[in-house]
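One structure below.
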Amino acid sequence: MNLKAERGAATRDKVLAIATRLFAERGYDDTSIETVLQESGLSRGALYHHYAGKEALFEAVLEATESAVGVKIVQAIRGIKDPAAALRTGVLAWIRLAGDPVVKRIVLIDAPSVLGWERWRALEERYSFGMLKAALGATGAVPAEHLDLHAHMLLAAVNESALLVARGGDHSHAEAAVEEFLRRLLRED
């Protein structure tokens, strides 16, 4: 990588880190481009060279956050051989991550309204839905012809539980409810 490309990557990383913190602390509506510029020391032109605007910056922050969540979930299930146990562990890891202020604000609260439901949903499908569908399919608990529908229903239930946690709900109660739901779905009781 040449020096110019390295500087560009470093600038993008710096802006993403600052924007992630600001969006998590203040939310999308209360974070201005001016604040990002002040904290980053960049000119408006330099920022717009990397991101077309505030919404594009938010989407980049969301993508980075979704990717980091995916890495943490994969780490949580690493080494688990039983597909049902891996699914359960991964889902519970997601419920726990929903309480993280960055995940809570960026992924669960602001993303649907900032990007619109369809764009947010498409992004979710690239990250969490894909993982969830593969994990559910690996359990063999759902006939292949119903896998997509059941994976969507499971994602809806899990995301709703995550939203409850994110909005200040009882974390341990949500985990227990999701674990019970998964036991029944996977016919483990």
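The chain is numbered in sequence order, starting from 1.
The distance from the CZ atom of Arg21 to the CD atom of Glu39 is 4.0 Å, given to the nearest 0.5 Å. Note that CG of Asp100 and CZ of Arg105 are 13.5 Å apart. Values are rounded to the nearest 0.5 Å. Ser128 OG to Lys133 NZ: the interatomic distance, rounded to the nearest 0.5 Å, is 13.0 Å. Here the straight-line distance linking atom NE2 of His50 with atom OG1 of Thr11 works out to 4.5 Å at 0.5 Å rounding. For the atom pair NE2 of His146 and NE2 of His152, the computed distance is 14.5 Å after rounding to the nearest 0.5 Å. Here CG of Asn159 is found 11.0 Å from CZ of Phe129. Values are rounded to the nearest 0.5 Å.
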*Take Leu155 and Arg121 through the side chain to side chain contact (heavy atoms under 4.5 Å, CB included) test and state the conclusion after the steps.*
CA-CA 11 Å; Leu155 179 65; Arg121 189 77 168 123; 2.9 Å; yes

_Evaluate Val114 against Trp120 for side chain to side chain contact (heavy atoms under 4.5 Å, CB included), listing each step before the verdict._
CA-CA 8 Å; Val114 171; Trp120 174 66; over 6 Å; no

*Show your reasoning for whether side chain to side chain contact (heavy atoms under 4.5 Å, CB included) applies to Tyr28 and Ile109.*
CA-CA 10 Å; Tyr28 180 82; Ile109 295 173; over 6 Å; no

*Pair Lys14-Leu42, side chain to side chain contact (heavy atoms under 4.5 Å, CB included): steps then yes or no*: CA-CA 10 Å; Lys14 177 181 176 180; Leu42 291 176; 5.7 Å; no

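Within a 6.0 Å radius of CD in Glu118, no more than 12 heavy atoms belonging to other residues, nucleotides or ligands are found. Atom NZ of Lys54 has more than 12 neighbouring heavy atoms from other residues, nucleotides or ligands inside a 6.0 Å radius.
Across Glu55, Glu124, Glu125, a single residue satisfies salt bridge (charged side-chain N to carboxylate O under 4.0 Å, His left out) together with Arg119, and that is Glu55. Among Val61, Val69, Leu97, Thr65, the single residue meeting the side-chain contact (heavy atoms from CB on, under 4.5 Å) criterion with Val102 is Thr65. Checked options Asp30, Thr31, Leu57; the residue passing with Leu22 is Thr31 (criterion: side-chain contact (heavy atoms from CB on, under 4.5 Å)).
Looking at heavy atoms from C-beta onward, Val91 lies in side-chain contact with Leu132 at the 4.5 angstrom threshold.
Summarising the geometry of Leu62 relative to Ala111, their closest heavy-atom pair is CD2-CB, 3.7 Å, with the distance given to 0.1 Å. The two residues Leu108 and Ala98 have their closest heavy-atom pair at CD1-CB, 3.7 Å. The heavy-atom pair separating Ala162 from Trp94 by the smallest distance is CB-NE1, 3.6 Å. Here the shortest heavy-atom pairing between Gly53 and Ile33 reads C-CD1, 4.4 Å. Here the closest non-hydrogen pair linking Leu16 and Thr20 is O-OG1, 2.6 Å. Contact detail for Ala135 and Leu87: the closest heavy-atom pair is CB-CD1, 3.7 Å.
Ring pair Phe58/Phe23 is perpendicular by interplanar angle, where above 60° counts as perpendicular and below 30° as parallel.
As a member of the Ile/Leu/Val/Met/Phe/Trp/Tyr network built from side-chain separations under 4.5 Å, Ile77 groups with Ile80.
No path of Ile, Leu, Val, Met, Phe, Trp and Tyr side chains, each step under 4.5 Å between heavy atoms, connects Leu163 with Met153, placing them in separate hydrophobic clusters.
For Glu34, the salt bridge (charged side-chain N to carboxylate O under 4.0 Å, His left out) criterion is met by Arg44, not counting sequence neighbours.
Residues Tyr127 and Glu63 have side chains that bring a donor and an acceptor to within less than 3.5 angstrom of each other.
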